[in-house]
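Here the structure is laid out as structure tokens; the discussion comes afterwards.
Numbered from 1 within each chain, the chains take letters A, B, ... in sequence-line order.
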Protein chains: 2
Amino acid sequence: MSKKSNLPQPTNAELEILQILWKAGPSTVRFVNEQLSEQQEKEIRYTTTLKLMQIMTEKKLLSRNTDTRTHVYLAEAVQGDTQKALLKKFVDATFQGSAMNLVMQALGNHETSQQELDEIKALIEKIEKG
Amino acid sequence: MSKKSNLPQPTNAELEILQILWKAGPSTVRFVNEQLSEQQEKEIRYTTTLKLMQIMTEKKLLSRNTDTRTHVYLAEAVQGDTQKALLKKFVDATFQGSAMNLVMQALGNHETSQQELDEIKALIEKIEKG
DNA sequence: AATGATATACGAAAAGTTTCGTAAATGCAA
DNA sequence: TTGCATTTACGAAACTTTTCGTATATCATT
């Protein structure tokens with residue numbers, strides 16, 4: 001059985017930082033700040049990123065190694081769990097809780113490749129059997 | 001060809017009001033306020049709802065008929081378009097733009113009935129043919 | 001017409017989120 | 001060791017969103 005994480009949901013700015021850490025692994029504030037600035041195509045002050053990551057550490061969304069002067073941050077929030085929680089909230093708010101409605105909308109409005117469709121079909125079969 | 005609506009995206013509180021209007025059709029502030037209070041299981045001040053709906057009218061998310069003293073509000077934002085826009089933003093922020101990832105997550109984590117699965121399969125077939 | 005209930009208008013407080021500036025500490029290089 | 005660059009700490013400004021209180025208008029009833 002999986003333990004409940006019970007972490008608070010990240011805000012938008014926090015989620016962006018999580019995405020970077022999920023992708024790159026443990027990183028310094030400077031690195032995260034550079035990634036962010038690159039993504040948004042505008043400079044973000046170093047201390048802005050620092051402050052956010054400190055807040056996130058307080059919330060336990062991140063942890064950090066302070067052995068060296070330059071702290072190294074690690075995502076404590078698990079990507080899958082976080083996505084799942086945010087998705088539920090989003091579905092409730094936007095599709096009145098119907099994941100079905102959302103899926104139809106998602107499939108209908110995005111370019112979906114044949115391979116992706118195959119994957120979905122495979123998943124459906126798995127669900128039908130299981 | 002469908003005209004671009006170009007409406008601002010609703011905030012969370014605004015979205016809740018839209019949901020009520022989409023479902024119930026043109027309504028008064030009082031009605032919307034009662035629905036909201038019921039949903040959240042706590043009283044929401046009448047003027048809070050009023051203020052929000054006035055702001056939304058200014059943003060063109062709603063329009064209103066002021067012929068009678070009690071104004072009647074109508075959702076101008078179209079449900080499908082709004083959901084689509086919010087979904088895109090959400091997918092970008094949470095699933096790095098991959099609707100596929102989201103669909104897999106949505107199907108995997110929710111109870112999905114056989115009928116719903118059939119609908120999805122039908123949709124996929126339609127996409128594959130079209 | 002006076003009273004009371006209910007409506008709108010609207011500024012501003014309250015709450016939440018994001019950004020920034022300054023101070024103090026630390027490490028490195030001359 | 002002195003000076004410079006970089007880091008962390010942290011309060012607070014700047015914004016956004018949500019909630020509320022007060023003033024005023026309107027309608028129905030008496």
Side-chain angles (χ1 to χ4, degrees), chain A residues 7-20 26-74 77 82 86 89-90 93-94, chain B residues 7-20 26-74 77 82 86 89-90 93-94:
Chain A
L7 295 175
Q9 288 190 2
T11 63
N12 281 346
E14 289 172 349
L15 183 58
E16 279 177 351
I17 289 175
L18 281 175
Q19 302 277 20
I20 291 170
S27 309
T28 63
V29 173
R30 172 128 337 256
F31 175 79
V32 171
N33 184 61
E34 277 161 4
Q35 296 290 308
L36 280 180
S37 297
E38 217 170 282
Q39 283 176 19
Q40 337 234 141
E41 298 184 16
K42 79 160 200 178
E43 213 235 292
I44 289 162
R45 290 272 187 284
Y46 176 85
T47 54
T48 298
T49 304
L50 171 66
K51 178 70 166 181
L52 265 174
M53 291 174 75
Q54 285 172 340
I55 291 172
M56 292 171 76
T57 302
E58 198 141 318
K59 291 187 188 175
K60 312 285 189 192
L61 290 172
L62 308 182
S63 64
R64 64 179 173 179
N65 183 326
T66 59
D67 290 350
T68 55
R69 177 163 95 102
T70 302
H71 299 352
V72 175
Y73 287 78
L74 174 72
T82 304
L86 291 174
K89 194 178 136 207
F90 177 74
T94 310
Chain B
L7 294 175
Q9 288 189 3
T11 64
N12 281 345
E14 289 172 349
L15 184 57
E16 279 177 351
I17 289 174
L18 281 175
Q19 302 276 19
I20 291 169
S27 308
T28 63
V29 173
R30 175 136 321 266
F31 174 79
V32 170
N33 184 61
E34 278 161 3
Q35 296 291 308
L36 280 181
S37 296
E38 216 169 284
Q39 283 175 20
Q40 337 233 144
E41 297 183 18
K42 79 160 201 176
E43 213 235 292
I44 289 162
R45 290 272 187 285
Y46 176 85
T47 54
T48 297
T49 304
L50 171 65
K51 178 69 167 183
L52 264 174
M53 293 175 75
Q54 285 172 339
I55 291 172
M56 292 171 76
T57 302
E58 197 141 318
K59 291 187 187 175
K60 312 284 189 193
L61 290 173
L62 308 183
S63 64
R64 63 178 174 180
N65 183 326
T66 59
D67 289 350
T68 54
R69 175 163 95 105
T70 302
H71 299 351
V72 175
Y73 288 78
L74 174 74
T82 304
L86 291 174
K89 195 177 135 208
F90 177 75
T94 310

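- Side-chain N or O atoms of S37(B) include one that pairs as donor or acceptor with a backbone N or O of I44(B) at under 3.5 Å.
- Nearest heavy-atom pair across K59(A) and E14(A) is NZ-OE2, 2.8 Å.
- Neither OP1 nor OP2 of dT8(C) sits under 4.0 Å from any side-chain N or O of T66(B).
- The side chain of A13(A) approaches dT18(C) more closely than any other nucleotide in the set dT18(D), dC20(C), dT18(C).
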Its contact letters, B for base, S for sugar-phosphate only and - for none at protein heavy atoms under 4.0 Å, make nucleotides 5-15 of chain D read -BSBBBBB---

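- Toward the 5′ end of DNA chain D lies the nearest nucleotide of K59(B), the other residue of the pair E43(B) and K59(B) mapping further downstream.
- The two residues A77(B) and T82(B) make their nearest non-hydrogen contact at CB-OG1, 3.6 Å.
- Screening T48(A), T28(A), T49(A) against N33(A) for a side-chain hydrogen bond (donor to acceptor under 3.5 Å, both in side chains) leaves a single residue, T49(A).
- Residue-environment remark: CD (Q40(B)) exceeds the threshold of 12 foreign heavy atoms within 6.0 Å.
- Between V32(B) and I20(B), the closest heavy-atom pair is O-CD1, 3.9 Å.
- Nearer the 5' end of DNA chain C, as judged by each residue's closest nucleotide, is the contact made by E14(A), out of D67(A) and E14(A).
- At least one side-chain nitrogen or oxygen of T48(B) sits closer than 4.0 Å to the OP1 or OP2 atom of dC20(D).
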